[in-house]
Amino acid sequence: MSTSAHLYNRARFIDSVPRLDRLPTGPGREVAFAGRSNAGKSSALNAITGRRALAHTGKTPGRTRMINLFDLGEGRRLVDLPGYGYARVDRATREAWEALLTAYLVERRILVGTVLVMDIRRGLTDLDRRLLGLVADGGHALHILLTKADKLKRGAAGSALERTRRDVEEAGVEATLQLFSATRAIGIADVHGVLDEWFGFPTE
Ligand SMILES: Nc1nc2c(ncn2[C@@H]2O[C@H](COP(=O)(O)OP(=O)(O)OP(=O)(O)O)[C@@H](O)[C@H]2O)c(=O)[nH]1
Ligand SMILES: [Mg+2]
């Protein structure tokens with residue numbers, strides 16, 4: 001357990017919004033979770049907050065279609081963004097989710113950092129690269145979770161981490177990276193440390 005685990009455990013669902021103009025107004029700090037559909041964003045949020053049923057997860061990709069907001073108090077929020085790249089919906093729907101996600105990342109003024117969630121067994125896809133570009137252009141801090149690390153042996157997981165680190169560097173983007181698993185609770189204290197800084201929670 002990290003010392004700040006209790007701060008994330010207080011997370012409470014606020015709202016699901018289909019449009020940016022429905023987001024809460026006023027001062028605050030938001031940290032967004034983005035990534036391919038089915039990468040494990042909602043599961044990561046549940047593991048980070050220690051709340052198993054906070055964000056809806058599922059076997060069917062495309063579970064998260066709106067912007068879901070979770071309150072940590074004092075205007076601090078965790079944000080579950082719709083996944084991108086899900087092929088099995090019609091094009092108009094997919095484009096609408098991707099437009100919502102893009103608009104959030106580009107326009108949200110109180111966004112303090114983005115967590116890109118990637119399935120460790122897949123490399124960076126074109127859409128991931130587009131997202132890296134968006135985040136870099138916006139000047140936001142970026143942290144990458146290589147999740148489902150439980151699916152690989154330790155050596156293979158380490159190689160995947162190094163490969164992704166190189167790819168991100170070659171894309172000219174600054175980011176921190178780590179191994180993660182929602183099911184085995186790997187890397188939770190590390191991600192708490194990153195979020196603590198972004199949210200301005202006291203660290204020792
Ligand atoms: N083995 C393993 N499976 C995981 C892990 N995280 C998520 N999964 C599984 O991956 C699937 C997708 O997880 P979600 O958390 O719903 O993924 P998501 O990125 O929120 O998906 P969308 O909302 O559709 O974009 C589910 O079947 C999860 O149980 C993990 O760390 N390890
Ligand atoms: Mg989801």
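For the single chain, residues carry numbers from 1 onward in sequence order. The analysis underlying the following values was restricted to heavy atoms, covering all of them including side chains, and did not include hydrogens, waters or symmetry mates. Whatever order the structure lists ligands and atoms in, that order sets their numbers, starting from 1.
For ligand 1 and Ala182, the ligand atoms under 4.0 Å from any heavy atom of the residue are 6 (N), 30 (C), 31 (O). Remark: ligand 1 atoms within the under-4.0 Å shell around heavy atoms of Lys151 are 1 (N). Applying the 4.0 Å criterion to heavy atoms of Gly83 picks out, from ligand 1, the atoms 25 (O). If you number the atoms of ligand 1 from 1 as listed, the ones under 4.0 Å from a heavy atom of Thr147 come out as 31 (O).
Remark: ligand 1 and Thr183 share an N or O pair separated by less than 3.5 Å (distance only, no angle test). Considering backbone and side-chain N/O atoms, Ser42 comes within less than 3.5 Å of an N/O atom of ligand 1. Some N or O of Gly40 is nearer than 3.5 Å to an N or O of ligand 1, by distance alone. By the 3.5 Å distance cut-off applied to N or O atoms, Ser43 is counted among the residues near ligand 1. The distance criterion of under 3.5 Å between nitrogen or oxygen atoms is not met by Ala44 with respect to ligand 1.
The hydrophobic cluster containing Leu127 also contains Leu124, counting ILVMFWY residues as joined when their side-chain heavy atoms lie under 4.5 angstrom apart, directly or transitively.
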For Arg91 and Glu95, what are the C-alpha separation, side-chain angles and deciding distance, and is it a salt bridge (Lys or Arg N to Asp or Glu O under 4.0 Å)? CA-CA 6 Å; Arg91 189 172 164 165; Glu95 286 178 356; 2.9 Å; yes
Would you sort out whether Thr176 and His143 count as a side chain to side chain donor-acceptor pair (under 3.5 Å), showing the intermediate values? CA-CA 5 Å; Thr176 47; His143 186 63; 2.6 Å; yes
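Proximity annotation for atom 32 (N) of ligand 1: of Leu45, Asp150, Asp80, Asp150 comes nearest, heavy atoms only.
Taking backbone and side-chain atoms together, Ser37 has no N/O/S atom less than 2.8 Å away from the Mg ion (ligand 2).
The pair Asp71-Arg77 does not meet the salt-bridge criterion, since no charged nitrogen lies less than 4.0 angstrom from a carboxylate oxygen.
The side-chain contact (heavy atoms from CB on, under 4.5 Å) test with Phe180 singles out one residue from Ile48, Val115, Ile120, and that residue is Ile48.
Remark: Thr49 OG1 to Phe13 CZ distance equals 13.5 Å, nearest 0.5 Å.
The proximity of Asn38 to ligand 1, defined as any non-hydrogen pair under 4.0 Å, involves the side chain as well as the backbone.
The heavy-atom pair separating Met66 from Leu100 by the smallest distance is CA-CD2, 4.3 Å.
The shortest heavy-atom distance from Ala39 to ligand 1 is under 4.0 Å.
Glu30 contributes no side-chain N or O that, together with a main-chain N or O of Val79, makes up a donor-acceptor pair within less than 3.5 Å. Between the side chain of Arg51 and the backbone N or O of Asn9, at least one donor-acceptor pair lies under 3.5 Å.
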